[in-house]
Amino acid sequence: MTFEARQAHGREFWDSRFSEAGYAYGEEPNDFLRSTCRQSAVGDALSLCEGEGRNAVYLARLGFRVTAVDFSEVGLAKARALAEKQGVAITTLVADLADFDLGNARWDLVVSIFAQPPSPVRQRLYRQLHQALRPQGRLVLESKVDVNATAADRYPGVRILCGEIAPLTISLAQEQERSLNEGNYHIGVQRTAQILACKS
Ligand SMILES: C[S@@+](CC[C@H](N)C(=O)[O-])C[C@H]1O[C@@H](n2cnc3c(N)ncnc32)[C@H](O)[C@@H]1O
């Protein structure tokens, strides 16, 4: 990764964004997560690149035991504050996903909502998903798409992402322009990939 790219997406960038007043992506969960997560039996959930906690807190309110991982301590401090405000408990883990181990048959649900690390980090992470999920465990994923992106880029399309999460069984995989209304930073029309997959 170039120095410029590291600056644009490194920990300092995210700490700075999450130091702003309010919640950068709002306090409400992502709507794709909201519409799909009830298909998962309540159990152990891992939220990758959780940021300020909106998705983790929502899952905890549904009864999931949630672990939220992110390399921004500033973001996760706000996640804990949001959990406290909503009267639920979440576990937060400050870790760089570049060397994070998802474990073995550890999760009933893994959530990857706008987790868009550099491609080597993403590919290493997604390769671990099948082993990390329990039988019938699910993946809920939404990410931005750049139509010209290759697998080496940060925002690939749904076809590339489905290949990277193999051998999970895909229940839903779609790519579309959609209107986002999430806090101050996800506003307006954005092309995204949405995937729901399962370990059968
Ligand atoms: C666009 S934000 C999304 C936050 C959250 N998932 C949401 O939808 O509200 C991207 C998040 O990825 C985290 N992140 C990026 N690269 C990471 C890495 N290598 N390890 C851990 N977290 C990372 C950032 O700190 C940030 O919280």
Side-chain angles (χ1 to χ4, degrees), residues 1-2 4-20 22-37 45-61 64 66-83 85-86 90-102 109-129 132 139-146 149 153-156 161 164 178-188 190-195:
M1 205 183 351
T2 63
E4 289 73 18
R6 206 181 289 278
Q7 286 291 97
H9 297 283
R11 186 191 315 242
E12 299 79 9
F13 171 88
W14 291 107
D15 280 348
S16 162
R17 171 160 295 183
F18 296 147
S19 297
E20 295 170 13
Y23 280 72
Y25 305 104
E27 297 182 26
E28 296 300 317
N30 168 265
D31 49 14
F32 181 62
L33 176 67
R34 194 201 292 262
S35 68
T36 51
C37 68
L46 173 68
S47 184
L48 303 168
C49 291
E50 173 55 38
E52 296 172 306
R54 64 191 179 114
N55 297 316
V57 167
Y58 175 70
L59 291 171
R61 286 175 53 203
F64 286 89
V66 187
T67 298
V69 59
D70 200 287
F71 65 8
S72 171
E73 169 56 34
V74 179
L76 290 181
K78 287 171 86 173
R80 289 191 294 273
L82 189 62
K85 181 173 147 188
Q86 300 206 15
I90 60 171
T91 299
T92 56
L93 266 182
V94 179
D96 190 333
L97 290 168
D99 47 28
F100 188 70
D101 179 358
L102 272 62
L109 174 65
V110 175
V111 173
S112 181
I113 300 293
F114 298 118
Q116 296 146 164
S119 60
V121 178
R122 180 188 74 239
Q123 288 165 1
R124 182 188 165 281
L125 210 53
Y126 289 177
R127 263 199 303 276
Q128 297 180 61
L129 284 170
L139 167 73
V140 177
L141 182 157
E142 179 162 34
S143 64
K144 290 186 185 178
V145 171
D146 172 353
D153 296 315
R154 192 182 285 264
Y155 305 112
L161 290 170
E164 291 180 355
R178 77 174 192 98
S179 179
L180 291 176
N181 184 11
E182 303 183 323
N184 294 329
Y185 286 98
H186 281 170
I187 294 288
Q190 171 70 53
R191 187 170 191 82
T192 75
Q194 295 179 326
I195 298 175

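Order of appearance sets the numbers: ligands from 1, and atoms from 1 within every ligand. All figures in this text were calculated on a predicted structure; none of them were measured in a lab.
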Decide side-chain contact (heavy atoms from CB on, under 4.5 Å) for F114 and L180; before the verdict, give the C-alpha distance in whole Å, the side-chain angles of both, and the deciding distance to 0.1 Å.
-> CA-CA 12 Å; F114 298 118; L180 291 176; 4.1 Å; yes

Determine, step by step, whether L46 and F100 satisfy the side-chain contact (heavy atoms from CB on, under 4.5 Å) criterion, reporting the C-alpha distance in whole Å, the side-chain angles of both residues, the deciding distance to 0.1 Å, and the verdict.
-> CA-CA 12 Å; L46 173 68; F100 188 70; 4.3 Å; yes

side-chain contact (heavy atoms from CB on, under 4.5 Å) between R178 and D31, intermediate numbers included | CA-CA 11 Å; R178 77 174 192 98; D31 49 14; 2.9 Å; yes

Using the side-chain contact (heavy atoms from CB on, under 4.5 Å) rule, take D146 and D153 through it: C-alpha gap first, then chi angles, then the decisive distance, then the call.
-> CA-CA 9 Å; D146 172 353; D153 296 315; over 6 Å; no

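Polar contact check, I113 against ligand 1: a nitrogen or oxygen pair lies under 3.5 Å apart.
With a 4.0 Å cut-off on non-hydrogen atoms, A95 touches ligand 1 through its backbone and not its side chain.
The closest approach between D96 and ligand 1 falls below 4.0 Å for a heavy atom of the residue. Ligand 1 lies within reach of N55, whose nearest heavy atom is under 4.0 Å from it. Residue-ligand proximity: S47 is placed with every non-hydrogen atom at 4.0 Å or more from ligand 1.
Using cut-offs of 30° and 60° on the angle between ring planes, the pair H186 and Y25 is tilted.
Relative to atom 13 (C) of ligand 1, the option among D70, V94, L48 with the closest non-hydrogen atom is D70. Compare F18, F13, F71, Y185 by their heavy atoms: the one nearest to atom 15 (C) of ligand 1 is in F71. When R54, R154, Q116 are checked for heavy-atom proximity to atom 8 (O) of ligand 1, R54 turns out nearest. Counting heavy atoms only, C49 comes closest to atom 6 (N) of ligand 1 of the residues S112, C49, A24.
Under a cutoff of 6.0 Å and an axis angle of 45°, R17 and Y185 form a cation-pi pair.
Of all protein heavy atoms, the one closest to atom 20 (N) of ligand 1 is L97 N, 2.9 Å. Among all protein heavy atoms, the one lying closest to atom 10 (C) of ligand 1 is F114 O, 3.5 Å.
No option in K85, K78, R61, R54 other than K85 meets the salt bridge (Lys or Arg N to Asp or Glu O under 4.0 Å) test with E27.
Against a heavy-atom cut-off of under 4.0 Å, G51 is close to the following atoms of ligand 1: 27 (O).
Of the N and O atoms on the side chains of E142 and T192, at least one donor lies less than 3.5 Å from an acceptor on the other residue.
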